[in-house]
Number of protein chains: 2
Amino acid sequence: MTTPGRRPGDSGTRAAILAAAKEAFAASGYAATSVRAVARAAAVDPSLVLHFFGSKDGLFEAALELPMDPAVLVQGLLATPRDGLGETLVRTFLGVWDATPGQGPMLAMLRGAVSHEDSADKLRELLLRVILRPVAVGAGAGDPDRRAALLASQLLGLAVVRYVLRVEPLASAPVEELAPLLGPTLQRYLTGPVP
Amino acid sequence: MTTPGRRPGDSGTRAAILAAAKEAFAASGYAATSVRAVARAAAVDPSLVLHFFGSKDGLFEAALELPMDPAVLVQGLLATPRDGLGETLVRTFLGVWDATPGQGPMLAMLRGAVSHEDSADKLRELLLRVILRPVAVGAGAGDPDRRAALLASQLLGLAVVRYVLRVEPLASAPVEELAPLLGPTLQRYLTGPVP
DNA sequence: GGGGGAGTTCATCATGCGTTGAGTTCTACA
DNA sequence: TGTAGAACTCAACGCATGATGAACTCCCCC
């Protein structure tokens, strides 16, 4: 088709591939996404994908980069007053999802975690050890592991219902409507009694 | 290898294939499970799988049969007193998951729903329209669609955390310990104020 | 006891997969 | 200006996939 060899100037090829990969993995999960389909979507030769990312796994891993630094999130959460934490958690969580159009990397991560053992490990590590456990510790009500797991259950469930199953009316409700709905639940998991 | 033709007696081949399929789909999801792998696990020729189930999709659909009749579940839930519904819902939900060793069909359904559009539709239909919405209507506090979606978010999140990510301590907690933890959340979604 | 249908095997098809390697053109730095 | 290496194409590898169709054996009903 086209002549081989490097193109003049700064072609944004690598970025194009990465964008296509995020979209594809987000839409179909790991197994159902092929390197060749990503290449096709990026209008690029399949070998080039592997040239940049080494392997399908490498590509997948690269597609999972978060739209925000988790450490910053945690810091922000630890700085909010204890009795507003529940709602803030909802707002922060949904903010990260909505930071990328189509929820690319977040959806890819969730879809990945559900059928790819390795990325399940990764999500568990990130969401629980890095984010929710420190927040639960900061809330200072004891039993942080259990509280973190409860928080994860409500937050992940929200993501599944809103972004994967797209259940109405939650799927199209604005964040400001969801915060007071789910906030009290998270608040109880954070600081309420957990028998 | 073996001679072709029908075997004498009642070989439980169809059932063996179905069992292998449930296990495989539950473990790896739709895309990552191959007809041939199922056949291998059932010690059977791949054609036989398609002879019985028509296609990979047919096999998948067959693997999703619930271990319980949803109508019965709903009846049971509608018959419990309003103020105990939250905890009963947790117990019932987890009861269905734990009814099959390894959570076969339930996990297959969840894993399927997360990356297979058709089974997402199915799960939404079953969990919301067939089960949770009627329960929310029965609770009689208004706004059943929103309440049902909230219920789904907590219940599905619990399933993800407990059976997919296997987050401790929720993963190995007995049902009786989880009921009082999550019951109040569901109770609020059912009968509490939802602003 | 004959025949239709169900269970079973095997060979085969076209397609798509992830990955590799060789070859070509451009850039960056010496 | 020379050259190492990055960007890029193309052809090919070996393998797995879902599906089909023919052949064969057994069961059950007439």
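Remember, predicted model here, so these are calculated numbers, not experimental data.
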Starting at CZ of B:R40 and ending at C1' of D:dT17, how long is that distance when rounded to a whole Å?
11 Å

Assign B:S47 to base, sugar-phosphate, or nothing according to its heavy-atom contacts below 4.0 angstrom with the strands shown.
base

Roughly, in whole Å, what's the span from CZ in B:F25 to C1' in D:dG18?
12 Å

Take the angle between the ring planes of A:W97 and A:Y163 and call it parallel below 30°, perpendicular above 60°, tilted in between.
parallel

For the pair made of CZ in A:F53 and C1' in D:dA6, what is the distance, rounded to whole Å?
14 Å

In whole angstrom, give the distance that lies between atom CG of B:D45 and atom C1' of D:dC24.
13 Å

For C:dT8 and B:R14 - does any side-chain N or O of the residue sit under 4.0 Å from the phosphate oxygens OP1/OP2?
no

Measure the distance from CG on B:L48 to C1' on C:dA6 and round it to the nearest whole Å.
10 Å

Fit a plane to each ring of A:F25 and A:Y30, take the angle between them on a 0 to 90° scale, and name the class: parallel (under 30°), tilted (30 to 60°) or perpendicular (over 60°).
parallel

Between CZ of A:F60 and C1' of C:dC17 the distance, given in whole Å, is 18 Å

A:H51, nearest nucleotide to its side chain (from D:dT17, C:dT8, D:dA6)
D:dA6

Candidates B:V38, B:T33, B:L50 - the one meeting side-chain contact (heavy atoms from CB on, under 4.5 Å) with B:L59:
B:V38

Separation of B:R36 atom CZ from D:dC15 atom P, in whole Å?
14 Å

Polar pair under 3.5 Å, donor/acceptor by atom type, side chain A:T13, base D:dC8:
no

Closer than 4.0 angstrom, basic N to acidic O: yes or no for A:D45 and A:R40?
no

Among D:dT20, D:dT17, D:dC8, the one nearest B:L50 by side-chain distance
D:dT20

Using heavy-atom distances to pick each residue's nearest nucleotide on DNA chain C, tell me which of B:V44 and A:D57 is more 5'.
B:V44

